[in-house]
Amino acid sequence: MKQRLLFLGPPGAGKGTQAELLCQKERLLHLSTGDLLRAEVAAETSLGKQAALVMNRGELVSDDLVLSMVENRLNERPEGWLLDGFPRNVIQAESLEVLLEKIDQPIELVLFLDVDDELLLERLLARGRPDDTEDVIRHRLDVYREKTAPLTDYYSQRKILKTVKADGNIKAIQRSIEEVLNLMV
Ligand code: AMP
């Protein structure tokens with residue numbers, strides 16, 4: 001099994017849920033920048049207070065901030081990892097590439113979780129996170145299209161991108177992901 005993975009996809013694609021399942025099964029470190037930021041918010045750190053303002057508007061927090069959070073974790077040299085919600089734009093992807101080259105641990109596979117737009121809105125509205133109101137969701141989807149969606153081309157050019165249709169239920173999507181991973185052994 002590949003040990004250094006990245007989940008790419010719009011908000012509501014199920015990245016967090018599927019990352020959780022896969023990481024438990026394969027003993028990978030689940031590195032979710034959204035989760036790390038929410039932990040800061042919950043702990044009411046000054047970083048968390050600043051980040052909450054940005055997150056609740058559906059904007060992206062600063063590249064430097066998320067990069068240093070990811071760098072700190074990767075510097076602990078985990079055996080295997082799955083990045084979820086990072087990188088979110090080309091600058092982050094380029095910085096990540098430099099960082100991973102430095103530690104000689106390139107990404108082995110990027111899985112793009114592909115979901116139709118109507119379903120995304122439906123799933124996000126059902127989730128009920130503080131940043132899941134309809135206006136904020138629509139804005140997050142715009143930010144995704146403008147800044148994050150270009151990363152599918154970025155990784156496709158590097159020949160490490162695979163697409164998984166992710167509009168079924170949790171189990172079905174899990175099976176599709178495992179199928180792709182098993183084919184890539
Ligand atoms: P997520 O849990 O991935 O949906 O992230 C929730 C929110 O955290 C996003 O809407 C952003 O405000 C912020 N966030 C998470 N990851 C990143 C990232 N890599 N770069 C910038 N902001 C992020």
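Order of appearance sets the numbers: ligands from 1, and atoms from 1 within every ligand. Numbers here are sequence positions counted from 1. Note that the coordinates shown come from a computational prediction; the quantities given were computed from them, not determined experimentally.
Between Asp116 and Lys165 there is a salt bridge, with a side-chain nitrogen of the basic residue lying less than 4.0 Å from a carboxylate oxygen of the acidic one. Under the 4.0 Å criterion applied to side-chain N and carboxylate O atoms, Arg175 and Glu179 are not assigned as salt-bridge partners. Under 4.0 Å is where a charged nitrogen must lie from a carboxylate oxygen, and between Lys49 and Glu40 no such pair does.
Taking a cut-off of under 4.0 Å to the non-hydrogen atoms of Phe86, the atoms of ligand 1 that pass are 19 (N). Shown in contact with Gln92 at under 4.0 Å from a heavy atom are these atoms of ligand 1, numbered in order with element: 18 (C), 19 (N), 20 (N), 21 (C). Each of the following atoms of ligand 1 lies closer than 4.0 Å to a heavy atom of Gly85: 16 (N), 17 (C), 18 (C), 19 (N).
Looking only at side-chain heavy atoms (C-beta outward), Gln18 and Ile170 come within less than 4.5 Å of each other.
The shortest N or O to N or O distance between Val61 and ligand 1 is under 3.5 Å. Between Arg127 and ligand 1, a contact under 3.5 Å exists for no N or O pair. Considering both main-chain and side-chain atoms, Asp35 never comes within under 3.5 Å of ligand 1 through any nitrogen or oxygen pair.
Atom CD1 of Ile91 is surrounded by 12 or fewer heavy atoms from other residues, nucleotides or ligands within 6.0 Å.
For atom 17 (C) of ligand 1, the closest non-hydrogen atom of the protein is Thr33 OG1, 3.6 Å. The protein non-hydrogen atom at the shortest distance from atom 14 (N) of ligand 1 is Leu37 CD1, 3.5 Å.
Arg140 forms no cation-pi arrangement with Tyr144, by the criterion of a distance under 6.0 Å to the ring centre and an angle within 45° of the ring axis.
Comparing Arg38, Arg129, Glu59 by heavy-atom distance to atom 4 (O) of ligand 1, the nearest is Arg129. The closest heavy-atom contact to atom 5 (O) of ligand 1, among the options Lys147, Arg140, Met55, Arg88, comes from Arg88.
Of the heavy atoms in Val66, only side-chain atoms (C-beta onward) come closer than 4.0 Å to ligand 1.
Of all heavy-atom pairs between Lys147 and Leu60, the closest is CD-CD1, 4.0 Å. Annotation for Pro87 and Leu8: closest pair O-CD1, 4.3 Å, computed over non-hydrogen atoms.
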